[in-house]
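Here the structure comes first, spelled out in structure tokens, and everything after it is commentary.
Both ligands and their constituent atoms are indexed starting at 1 by order of listing. What's counted below: heavy atoms across the whole structure, side chains too, no hydrogens, waters or symmetry copies.
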Amino acid sequence: MSKGDRFRLTFLGAARTVTGSMHHLEVRDQSLLVDCGMYQGRRKESNERNRNLPRKAVEADVALLTHAHIDHSGNIPSLVKRGFSGPIHCTSATADLCAAMLRDSARIQEADARWLNNKHLDDPDWETVEPLYTEEDAETALQQFAPHDYDREFELFPGVAVRFLDAGHVLGSASIVVDVKLNAHRRRVVFSGDIGRKNLPILRDPVVPEHADYVLMESTYGNRLHAPADGMRQQLLDAINTARARGGKIIVPSFSLERTQEIVFALNELIQQGLLKPIPVYVDSPLSVDLTKVFRAHPECYDDETIEFDNNHGDPFGFKMLTMVTDVEQSKALNQLRGTAIIISASGMCEAGRVVHHLRNSIEDAKNMILIVGYQAENTLGRRLVEHRPRVKIFGVERDVRAEVRVLNAFSAHADKNELLEWADICAKQARKVFCVHGDPDQCEALQSHLEARGLKATVPSMGDSADLDY
Ligand SMILES: [Zn+2]
């Protein structure tokens, strides 16, 4: 091999921003894509970015996925639709989660396009909107998934081997270790994926890759520290008992992946320990129900506490008074519920999905409680509730917020600044360079300077930048 062999990284997404993860690595004349996430921002820009995937991405030989979150996996069906025909390697749990999430995402894309086209039925100049991808496109893409176990090395191309290490962020999440042999040299490139935290429920602690030469590192909280999440269970218990004392319902808007299963498991443990008197609980979201089945099917991803619970008490995600609701009629029937009950429903930021109906039904009764358990972005109904606005608009109608709104100090699934630096101290100890990606510009730049202060060489790439790597 000549010295001119290609060894190059290109940053195709999540550069100076948090969504649309997509990175490209060329080794000689072969290339791999890491993640193909949906870009989520203003409608027009998102549309353009998600529809116009870079040629490098479509022409990559193989794809690797760090985890199932839509901002990392959501554009895989578009990639395949545009001609990508290689295998999509990921962990087994990620493959199963993606099956449910990509089908769901396709249905949303199709429904959105239908809604927009119907809205403009009388507009002669309206150009029919095509969905970003359809359920059929998602099915085709799912055929290309190639599931792997954690920590089991496999050969991608001659001289390029790959391993998935548990990133402890969501079920199946991984940091990806790519070992490359070039001439007599061995080089290791690590894609951190989203880095989780120690002691998260259900999941094992992150496994930190070692001896990296080059690191692409997430920077979501490059300059922020999390408040301690201790006492989440106690707060949950207090909230339920308060609402129960006045005979109210508790509506829990929750993300379908991970947070819903965390809450269900926490309730299960509280009941099992005799701390919580059994109470009817409904998980009302077809996606949450499907994803919970995937959690049950992957005990190999559980931490010791969850394994122990499974051994001693059975299913961590099921108990006597828990009902999984998929049927629309059954969901509507929940409106007639009398007495105290917990309804866990998506979406997590109250912007769409069945939870909006439950909020409309419950928000004007002071007996009820809305329990916020996750991050609420600006300009969402969830954020307005967290801000304790006296009135909010639901389905276009202003309503008084009489129900009590409580915010739980839930766990963040992302490492904070100190945890990121601890991770880098191990992974990037001898690295030639760290590329800070997946963060808003201020967070990426802050992480860069924290890393430099520790003597590491770090940089913040922009979208479309390439870096030739030394070997
Ligand atoms: Zn993630």
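Here the two rings, on Tyr302 and Phe309, have centers that are 6.0 Å apart or farther.
Rounded to 10°, the angle formed at the Zn ion (ligand 1) by NE2 of His169 and NE2 of His67 is 100°.
Taking the Zn ion (ligand 1) as reference, His69 places its N/O/S atom ND1 nearest.
Enclosure of atom CZ in Arg51 by more than 12 non-hydrogen atoms of other residues, nucleotides or ligands within 6.0 angstrom is indicated. The number of heavy-atom neighbours closer than 6.0 Å to CZ of Arg224, taken from other residues, nucleotides and ligands shown, is 12 or below.
Evaluation of the ring pair (Phe, Tyr, Trp, His ring centres under 6.0 Å) rule for His89 yields His148, Phe154 as partners, not counting sequence neighbours.
Residue contacts to the Zn ion (ligand 1): Asp194 brings an N, O or S atom closer than 2.8 Å. Among the atoms of His414, no N, O or S atom is found under 2.8 Å from the Zn ion (ligand 1).
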